[in-house]
Amino acid sequence: MRKGKRRGPIGSVHPVKLRCRRIRTVLQEDIIISIDHSDDPSMNMFPEDFAWGASTAAYQIEGGWDADGKGESIWDAFCHRDDSSVFERHTGDVSCNSYQLWEEDLRCIEELGLTHYRLSLSWSRLLPDGTTGHVNQQGVRYYNQLLDGLLARGVTPMVTLYHFDLPQALQDRGGWQSPDTPALFDAYARFCFGAFGDRVRLWITLNEPYVCAKLGHEDGLHAPGVRGAGGVAAYRAGHHMLRAHALAWHSYDAGYRREQGGLVSMAINSDWAEPEDADSAEDAAAAARYLAFSLGWFAWPLFVSGDYPEVMRAAVDARLPRFSGDQPAALGTADFFALNYYTARKVRSVGVDGGAPSMKTDLGAEGVVDPAWPLCGLPWLAVAPQGLRQLLKYIKATFNHPAVYITENGFAQTGPVLMEDGERAAFYRETVGEVAKAIEEDGVDVCGYFAWSLLDNFEWADGYSARFGLFHVDFSDDERARTMYRSGREYAAIISKHRSRSRAHRELTSS
Ligand code: GBH
């Protein structure tokens, strides 16, 4: 590897080049372009082909839970339980009704001026029993219309194959705890590459395996609702998700990449973590463990060693599955780094007090929110945009300078709806400013930023009580009217300013 040169995406030889190298700023650029951004930190230079996007997920927006032959997913089943733990027993049965109102979504995307849109496919809408034995053509038609609609508007799709909604039929066969599920995922992935890959260049196999493993198979807060499980089920589920990802990446590499020329990765979520007491070696070690157990759990196998981080191995020991014998290997199966970032923690070390093993005792650390960071009503979500810059720096240093897409980032409102959501507008301004600094000052190869989310939607265990949208959705109205928030106007303005700035800059530097 030559020094000073950005390393190509791992798995290196393929026809796609990520066209997101940084554009060098010229001196006097401000004067030449005559935009005064001295008081606006988000106005640094972004590459001209930077991806400005927003994200959604199928179960959170589509509704149509049993429409036109769709099969049941684990989230349908979880929400329909008599003893559902979801906020006020909300469900995604109708949600934003994007299954019928997808043209409204396209209008929203256009109004924001997005260059990219990240959506997820509902596995059980396409393959009702989870297998390719039966394809639901109505589901295929739905996503064809949506993808064609995006392309017709000049919007590049990024497509996630799995965003928490396993077909219930596969859960009945053991779900992510079964060693058979990775091969079934691979078959589903190949089906999607074949059906949609002529129009999709950016693929995410799985969204946040951490959340699916831990909240779904240890905390019981997400489907399938496995609780306790003694720090076994979550690691096993996570392992099978890594295996599923590796199989799908290799399937793409061997069977589709040459013709379709796309890129495949997995979206990994992590808080930024820093020691609570900067002078404490214990807290420093605890913060490192905190990162290893979230980002590292999935990034180490893909980017570093093909195995879990050492600190995880040491703490979890025999309960952590082994990769030995797994073919193909997980190492090298990410063409870019896909990061979902929301918040940060000050971390302190906590002693292990014996008792039953759990992910919590394995971690031996506790993260707290700095009282200076504003909250939004969701206890876990404190505003810490500077943590994103820190995490990006960490990713550059730890994973050999990968190309990075920020595939989710956002801030919610809870309680009475504020259409003039100034705080959220400021959040986007500041966050984009931190991304700009990561690119310009830290040299991180950030290729895109996707806001979570296009629309207010079904926020999992919190139902509709938390609103993450750039558009407000009126869930009491059959039309599910979408109305842009002030934060949406802010994001649209950021995008349009940056796009014209980089265009102007290119014209100047190329003449
Ligand atoms: C993302 O997860 C999801 O991909 C997306 O679907 C979701 O709508 C969005 O965030 C907003 O939440 O309840 O105290 O156990 C973000 C990462 C990690 C945030 C787990 C919530 C649970 C905290 N998530 N965390 S707690």
Side-chain angles (χ1 to χ4, degrees), residues 53-62 73-75 78 85-87 90 92 95-96 98 118-122 158 160-166 204-223 225-227 234 238 241 266-273 290-291 293-295 297-298 338-345 358-360 363 366-369 375-384 387-388 391 405-414 424 427 431 450-470 473:
S55 297
T56 58
Y59 187 73
Q60 294 181 272
I61 66 164
E62 283 179 3
S73 82
I74 56 173
W75 268 95
F78 191 68
S85 58
V86 174
F87 178 83
H90 290 173
S95 190
C96 308
S98 290
R118 174 172 176 245
L119 64 131
S120 88
L121 307 178
S122 162
M158 176 185 275
T160 303
L161 295 173
Y162 180 80
H163 198 123
F164 306 164
D165 49 352
L166 193 75
I204 301 292
T205 54
L206 298 114
N207 181 68
E208 300 186 352
Y210 171 99
V211 169
C212 179
K214 180 166 184 291
L215 277 73
H217 298 81
E218 169 112 357
D219 302 341
L221 297 170
H222 277 202
V226 177
R227 219 172 263 274
M241 285 187 265
M266 170 195 262
I268 302 178
N269 66 290
S270 185
D271 301 343
W272 168 243
Y290 193 97
L291 282 175
F293 272 79
S294 48
L295 194 76
W297 183 1
F298 297 96
L339 173 70
N340 290 1
Y341 173 81
Y342 284 89
T343 189
R345 290 289 182 271
S358 69
M359 293 193 67
K360 202 173 162 195
L363 173 59
E366 186 176 66
V368 295
V369 165
L375 292 166
C376 66
L378 291 174
W380 61 271
L381 185 48
V383 181
L388 176 54
L391 194 54
Y405 282 88
I406 299 157
T407 38
E408 285 180 31
N409 172 257
F411 187 51
Q413 59 173 312
T414 58
R424 297 179 66 230
F427 164 84
T431 302
F450 291 71
W452 182 272
S453 176
L454 181 69
L455 306 171
D456 286 344
N457 61 47
F458 176 79
E459 177 51 25
W460 309 115
D462 293 306
Y464 298 97
S465 68
R467 294 177 177 270
F468 275 93
L470 295 163
V473 176

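Numbering of ligands and ligand atoms starts at 1, following listing order. This chain uses plain numbering: 1 for the first residue, then up along the sequence. Atoms considered below: every heavy atom in the structure, side chains included; atoms not considered: hydrogens, waters and symmetry mates.
- Side-chain atoms of T343 and D271 include no donor-acceptor pair closer than 3.5 Å.
- Exactly one of D456, T414, N457 qualifies for a side-chain hydrogen bond (donor to acceptor under 3.5 Å, both in side chains) with R467. That residue is D456.
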Does ligand 1 have any N/O pairs with the protein under 3.5 Å, and how far apart?
{"unit_1": "ligand 1", "atom_1": "2 (O)", "unit_2": "E208", "atom_2": "OE1", "d": "2.7"}
{"unit_1": "ligand 1", "atom_1": "2 (O)", "unit_2": "E208", "atom_2": "OE2", "d": "3.0"}
{"unit_1": "ligand 1", "atom_1": "4 (O)", "unit_2": "H163", "atom_2": "NE2", "d": "3.3"}
{"unit_1": "ligand 1", "atom_1": "4 (O)", "unit_2": "N207", "atom_2": "ND2", "d": "3.0"}
{"unit_1": "ligand 1", "atom_1": "4 (O)", "unit_2": "E208", "atom_2": "OE1", "d": "3.2"}
{"unit_1": "ligand 1", "atom_1": "4 (O)", "unit_2": "E208", "atom_2": "OE2", "d": "3.2"}
{"unit_1": "ligand 1", "atom_1": "4 (O)", "unit_2": "E408", "atom_2": "OE1", "d": "3.0"}
{"unit_1": "ligand 1", "atom_1": "4 (O)", "unit_2": "E408", "atom_2": "OE2", "d": "3.0"}
{"unit_1": "ligand 1", "atom_1": "6 (O)", "unit_2": "Q60", "atom_2": "OE1", "d": "2.8"}
{"unit_1": "ligand 1", "atom_1": "6 (O)", "unit_2": "H163", "atom_2": "NE2", "d": "2.8"}
{"unit_1": "ligand 1", "atom_1": "6 (O)", "unit_2": "W460", "atom_2": "NE1", "d": "2.8"}
{"unit_1": "ligand 1", "atom_1": "8 (O)", "unit_2": "Q60", "atom_2": "NE2", "d": "2.9"}
{"unit_1": "ligand 1", "atom_1": "8 (O)", "unit_2": "W452", "atom_2": "NE1", "d": "3.2"}
{"unit_1": "ligand 1", "atom_1": "8 (O)", "unit_2": "E459", "atom_2": "OE1", "d": "2.6"}
{"unit_1": "ligand 1", "atom_1": "10 (O)", "unit_2": "Y342", "atom_2": "OH", "d": "3.3"}
{"unit_1": "ligand 1", "atom_1": "12 (O)", "unit_2": "E459", "atom_2": "OE2", "d": "2.5"}

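- Residues meeting the side chain to side chain donor-acceptor pair (under 3.5 Å) test with D165, sequence neighbours left out: none.
- Evaluation of the ring pair (Phe, Tyr, Trp, His ring centres under 6.0 Å) rule for F411 yields F427 as partners, not counting sequence neighbours.
- Using modelled atom types, one side-chain atom of Y59 and one backbone atom of G92 make a donor-acceptor pair closer than 3.5 Å.
- With sequence neighbours excluded, the residues satisfying ring pair (Phe, Tyr, Trp, His ring centres under 6.0 Å) with Y342 are W380.
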